[in-house]
Amino acid sequence: YVYALHNTQSGIFYFSEIEIATGNITDLQLLPVTGYGTYSCSAVNVTTQEFYFCDGTQLISIDANSGNINSNITLPIPPLTNFSHIQYNQCDSNIYGLIKDNTNLVGFAKFNPYTGVFTNISSLNTTIGYCFGCMTVIDPVANFFAFQSNGIIVIELTTGNIIYNSPLN
């Protein structure tokens, strides 16, 4: 199966499973989500089979087997700040992503969904383009987080230093 949010009608979102072979969608759980916006993103903990949905300020953890909501956390971030482009790190149980405030400052941060601790790791150069809906990937073994911007940017997980920045032509 593939798991995703299913927008059945305006303002109604279900956590759903999609059968790959047939394309059949089974709605598992109505979610406390009324929209899907600029900062909306998701990540998966494959070990515990938890699906995380983040709208920028709220993080919902969903049991992928049952569809039940495990938690719905308001992220401990300042007002007018959003956390997005998230990826779950299997090695340290943190969710890594980009943080953006109302002044367009972009940073790299992590959130531990089990302890509730949010940590800003680094500030990123403000000339870095911030692509809404662009892809991210994490490699916990090589210790990096990569995202698409006006190029491909790779960040070292512990320091938040940019280790690769290649423009897209």
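Of all heavy-atom pairs spanning I60 and P32, the tightest one is CD1-CG, 4.0 Å. Counting all heavy atoms, side chain and backbone alike, D139 lies closest to L157 at O-CD1, 4.5 Å. Of all the heavy atoms in C54 and L59, the pair that sits closest is CB-CD1, 3.8 Å. Pairing each heavy atom of S122 with each of T159, the nearest pair is CB-O, 3.8 Å. Contact between I18 and A4 at its shortest, heavy atoms only, is CD1-CB, 4.4 Å. The shortest non-hydrogen separation linking Y52 to P113 is OH-CG, 3.7 Å.
When the options I121, I163, L124 are evaluated for a side-chain contact (heavy atoms from CB on, under 4.5 Å) with I155, the one that passes is L124. Of the residues N45, N70, N68, T48, the one that meets the side-chain hydrogen bond (donor to acceptor under 3.5 Å, both in side chains) test with S61 is N70.
Atom OG1 of T158 sits about 8.5 Å away from atom NZ of K110, to the nearest 0.5 Å. I20 CD1 to Y1 OH: the interatomic distance, rounded to the nearest 0.5 Å, is 10.0 Å. Expressed to the nearest 0.5 Å, how far OH of Y88 lies from CG of N94 amounts to 8.0 Å. With rounding to the nearest 0.5 Å, the separation of CZ in F145 from CD1 in I153 is 10.5 Å. Rounding to the nearest 0.5 Å gives a distance of 8.0 Å between CD1 of I69 and CG of L30. How far OG of S123 is from CD1 of I99: 10.0 Å, rounded to the nearest 0.5 Å.
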One pair to check against side chain to side chain donor-acceptor pair (under 3.5 Å): N143 and E156. What are the steps and the verdict? CA-CA 6 Å; N143 207 39; E156 200 274 331; 2.4 Å; yes

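Using a 4.5 Å heavy-atom threshold, the side chains of V33 and F15 count as separate. The shortest distance between side-chain heavy atoms of T136 and Y96 does not fall below 4.5 Å. Taking 4.5 Å as the limit, some side-chain heavy atom of S40 sits within range of a side-chain heavy atom of F53. You'll find the side chain of T57 stays beyond 4.5 Å of the side chain of L75, heavy atoms only. Contact of the Q87 side chain with the F147 side chain is not registered, since no non-hydrogen atoms from C-beta on lie closer than 4.5 Å.
For the 3.5 Å distance criterion, the side chains of S16 and D27 qualify, holding a donor opposite an acceptor. Side chains of E19 and T22: no donor on one and acceptor on the other come within 3.5 Å.
For Q29 (side chain) and L31 (main-chain N/O), no donor-acceptor pair under 3.5 Å exists by modelled atom type. Between the side chain of Q90 and the backbone N or O of V46, at least one donor-acceptor pair lies under 3.5 Å. Of the possible donor and acceptor atoms, none in the side chain of N120 sits under 3.5 Å from a partner among the backbone N and O of F108.
Under the 4.5 Å side-chain heavy-atom criterion for ILVMFWY residues, a single connected hydrophobic cluster contains both L28 and Y36. A single hydrophobic cluster is seen to contain both I73 and I95, as judged by linkage of ILVMFWY side chains at heavy-atom distances under 4.5 Å, directly or through other members. Hydrophobic clustering (side-chain heavy atoms under 4.5 Å, transitive across Ile, Leu, Val, Met, Phe, Trp, Tyr) groups I62 together with Y3. A single hydrophobic cluster is not seen to contain both F111 and V44; linkage of ILVMFWY side chains at heavy-atom distances under 4.5 Å, directly or through other members, places them apart.
Residues F83 and F118 place their aromatic rings such that the two centres sit under 6.0 Å apart.
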